[in-house]
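As structure tokens, the structure follows; a few thoughts come after it.
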Amino acid sequence: MTWTSKSFLKWSAQRLAQAGIDSPRLESEVLLARGLHASREDLYRDPDRELGEEEIVISKSFVERRFLREPVAYILGRREFWGLEFQVTPDVMVPREETEILIEQFFQWVRSESFSEQIHVLDMGTGSGNIAIVVAKELPQSRVTAVDISPSALAIAQGNAWVHEVADRIRFVEGDLFACDLETPFHAILSNPPYIEEEHMDSLMPDVKNYEPGQALFGGRDGLSYYKRILPEAWSHLAENGVLFLEIGNGQVNDVLSLIENHGGYHAPEVTLDYMAMERVVSARKREKNG
Ligand code: GLN
């Protein structure tokens, strides 16, 4: 049987719909385009293009992987974030659009401070390196440190930094949060820590639960264990008036704000909503404890 782009897309969209995928047609186009080393526009331009044998085998394998709910980003081996392409493998969490808000808040702070000196920034739990790399790319006067506990994640992040030509301004450090060799103090600390409650594991989409690294997702029983550790440690690694920017999970805002208040070393907490109007980012400034 001969397959054309059009007939392949029809089959693929049905297959992915069967698997309960939300946008079966769109994802089919993305996967087939990759299988043909073409763009989605190319598929529309020439819907009757006959597919070669190898193209069929490869494109079908992409569709079958997606049918089993493997994230598209892992199938393609890449994901766009902040308009840049990041290599991703199952060693790292797939960067999410919401995390751009964390970075935007940080840039807003940088502008409001009209920084002229070098900015020293820490990305705690860098994963694919997305936060560290965007910061280094957008702020030529920044020096960034990126920490992760996973050596394989750091290898991916370093590769991404190299591709985006900022490897010389990012220091990659393997460590369990702050238990590593850090050149302090930092003007800003950014983190999108694991924050999913362990007991919610079963209700997660299979795409996440079965494929993304648990180490990057789960924040202990209550989802707050990393915030509890990061708040005091970040305080001692921040410069005076330095700011901590944290991404948070749905429904965590009050808990995180109380943790900040109870710590006592921060002031001026701010909350920012995401595109779905959920509280997504909390920031707070360091104040000297007895000041
Ligand atoms: N910093 C990465 C991101 O925001 C990884 C976060 C994580 O692994 N928890 O996508």
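Just the heavy atoms: all of them, side chains too, but no hydrogens, waters or symmetry mates, feed the values below. From a predicted model like this one, the values you see are computed outputs, not experimental measurements. As the structure lists them, so they are numbered: ligands from 1, and atoms in each ligand from 1. For reference, positions follow the sequence shown, starting with 1.
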Angle between ring planes, Phe86 versus His164, binned at 30° and 60°: parallel, tilted or perpendicular?
tilted
For the atom pair OG (Ser59) and CH2 (Trp3), what is the distance rounded to the nearest 0.5 Å?
10.5 Å
State whether Glu247 and Arg96 are salt-bridged, where the test is any N-O pair (Lys NZ or Arg NE/NH1/NH2 against Asp/Glu carboxylate O) under 4.0 Å.
no
Closer than 4.0 angstrom, basic N to acidic O: yes or no for Asp222 and Lys228?
yes
Could you please provide the protein residues found below 4.0 Å of ligand 1 on a heavy-atom basis, arranged by chain and number?
Met93, Pro95, Thr99, Gly125, Thr126, Gly127, Asn130, Ile131, Asn192, Pro193, Pro194, Ala216
Taking the cut-offs as 6.0 angstrom to the six-membered ring centre and 45 degrees off its axis, would you call Lys60 and Trp11 a cation-pi pair?
yes
Which residue pairs pass the side chain to side chain donor-acceptor pair (under 3.5 Å) test when at least one of the two sits in residues 264-280, sequence neighbours left out?
Gln105-Thr272, Asn250-Arg280, Asp274-Arg280
